[in-house]
Amino acid sequence: MKLEPLSPEFIKALPVLQTIQEAGFEAYFVGGCVRDFLLKQPIHDVDIATSATPYEIATLFPKTFDLGIQHGTIAVLLNHETYEITTFRTESGYQDFRRPDKVEFVRSLKEDLKRRDFTMNALAVSYDGTLVDLFSGLADLKQGLIRAVGNPHERFFEDALRMMRGVRFASQLGFEIEGETFAAIKEHHQLLENIAVERIRVEFEKLLLGQHAAFGLSAFIASELYRYTPGLTTAAQPLEELLRHLQPTITDETVAWSLLLAFVAPQEPRKFLQSWKLSNQRIKEVQLLLHYLPQRQQGLLPPLALYHLGLPLAVKLEELISHWGLTPEIFKLTQDYQGLPIKNRQSLAINGGDLLAAFPLGAGPWIAESLQLAEEKVVTALWLNEKDYLLQHLEEELRWKKILS
Ligand code: ATP
Ligand code: MG
């Protein structure tokens, strides 16, 4: 079967296939890009599989980068695009259910497609647009089925991450996981214990952000994969509860984690998020959103809360509340935010130096306390943001507190 017309992304990449073929090797577009093209979805990366070794590829293109040459992957830079080129390979070993002990370069496309996870991801397209479909991937795509290539039990033993990939594709595509494949996930869910948290997290975040997240999440629950993920080992009930609230669609990881935490309610939210190896930045954002969530559920945030949250996070909070059936008020929020007298501490008309110069007191906690007070009063429009005015009011305050005599 010929795919015509090819998408602009493929057409742009054709010179890569051409160069490899003219040197006497085979080369194909493979994996996610072929799947997404057939689904008429946007193509993220055009990946290429070839019979040439990375060393052979390196001699064919002026600009290449090592992306793990020992595993067979090299990147080629052409017309301002980077293409990942992977040598046909088989994988064997998998003593630890995750990494193959041995990667072997082979010259046959079939061997390479065989090692791929799902039939829809084991499709290839050649230079002239011919679809290579050795595992009925096209039929599965048309039926909306996620089916392991070959024996699902063996495939999940080889690499347990594939089970998580299965449920995240269910979430992204709204595809059913084929019966035997799903049964194998249910049977072998415990193998997920062998997979690094970071890799599980990537798939879990994609699941939560999928267009059909409720569908993917129910597969994640039904397969009991959750039992082998950090902090969720006994979370069936809260996950079900989350499922009932989940609105299409979560657009942001911070919102996703906040939502999850709102339902799972771990004793120590910080530790929970750390166990998923989230960045400190993300953890901070999630904690801020959760802090202001109850207040926002009662009504629009007052100026001081908006000020502390900042506009980008306040927008995320609006998305978050939609999962409780509340209506996001982005317009009102933006107006309120714009109306804040100052947006940050730097815009305050005084700083620590001004205080030291104005009052005969040495350095001490009174400085931070005074700045915080001034900040709050200015944000809530009780005080003017003017240097002399602020100093005068702070002087009264310091005298009243007997810090200044
Ligand atoms: P995405 O759109 O999220 O990038 P993708 O299918 O392209 O989805 P990648 O992780 O980019 O996923 O992998 C590219 C291809 O490599 C897949 O389509 C699949 O053929 C193969 N692949 C990736 N991970 C695995 C795995 N764990 N086991 C087997 N094959 C895999
Ligand atoms: Mg990809």
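Both counts, for ligands and for their atoms, begin at 1 and track the order of listing.
Residue Lys206 has at least one nitrogen or oxygen atom sitting less than 3.5 Å from a nitrogen or oxygen atom of ligand 1, judged on distance alone. Ligand 1 has a nitrogen or oxygen under 3.5 angstrom from a nitrogen or oxygen of Arg162.
Residues Glu26 and Tyr28 have side chains that bring a donor and an acceptor to within less than 3.5 angstrom of each other. Glu285 and Gln281 share a donor-acceptor pair across their side chains, judged by distance under 3.5 Å alone.
A cation-pi geometry, defined here as NZ or CZ lying under 6.0 Å from the six-membered ring centre and within 45° of its normal, does not hold between Lys343 and Tyr307.
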Go through the steps to decide whether Val30 and Ile48 satisfy the test side-chain contact (heavy atoms from CB on, under 4.5 Å), and finish with yes or no.
CA-CA 6 Å; Val30 282; Ile48 293 168; 5.9 Å; no
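Judged by the shortest distance from any of its heavy atoms, Phe118 lies outside the 4.0 Å radius around the atoms of ligand 1. Ligand 1 lies out of reach of Arg155, whose nearest heavy atom is not under 4.0 Å from it.
Across every non-hydrogen atom of Pro328 and Ser322, the tightest pair is CG-CB, 4.0 Å.
Residue Arg116 touches ligand 1 through backbone and side chain together, judged by heavy-atom distances below 4.0 Å. Only side-chain heavy atoms of Asp159 come within less than 4.0 Å of ligand 1; its backbone N, CA, C and O stay farther off. Counting heavy atoms under 4.0 Å from ligand 1, residue Glu84 does not touch it at all. At a heavy-atom cutoff of 4.0 Å, ligand 1 is contacted by no atom of Phe156, backbone or side chain.
Numbered from 1 in the order shown, with element, the atoms of ligand 1 that lie under 4.0 Å from a heavy atom of Arg115 read 29 (C), 30 (N). Of all the atoms in ligand 1, the ones that sit under 4.0 Å from a non-hydrogen atom of Gly31 are 18 (O).
Among Glu203, Arg35, Arg199, the residue whose heavy atom sits closest to atom 6 (O) of ligand 1 is Arg35. By heavy-atom distance, the residue among Ile195, Val202, Asp117 lying nearest atom 31 (C) of ligand 1 is Asp117.
The closest protein non-hydrogen atom to atom 24 (N) of ligand 1 is Arg165 CZ, 3.3 Å. Remark: minimum distance from atom 3 (O) of ligand 1 to any protein heavy atom is reached at Arg168 NH1, 2.9 Å. The protein heavy atom nearest to atom 7 (O) of ligand 1 is Gly32 CA, 3.4 Å. Nearest to atom 11 (O) of ligand 1 among the protein's heavy atoms is Asp47 OD2, 4.4 Å.
Ion pair Glu224/Arg227 flagged as a salt bridge, since at least one NZ, NE, NH1 or NH2 atom sits closer than 4.0 Å to an Asp/Glu carboxylate oxygen. A salt bridge links Asp117 with Arg165: the closest approach of a Lys/Arg side-chain nitrogen to an acidic carboxylate oxygen falls below 4.0 angstrom.
Thr90 is not listed as a side-chain neighbour of Lys114, based on a closest heavy-atom distance of 4.5 Å or more.
With a 6.0 Å radius and a threshold of 12 heavy atoms from other residues, nucleotides or ligands, Lys12 has its NZ atom above the threshold.
Aromatic ring centres of Phe263 and Trp257 lie farther apart than the 6.0 Å criterion allows.
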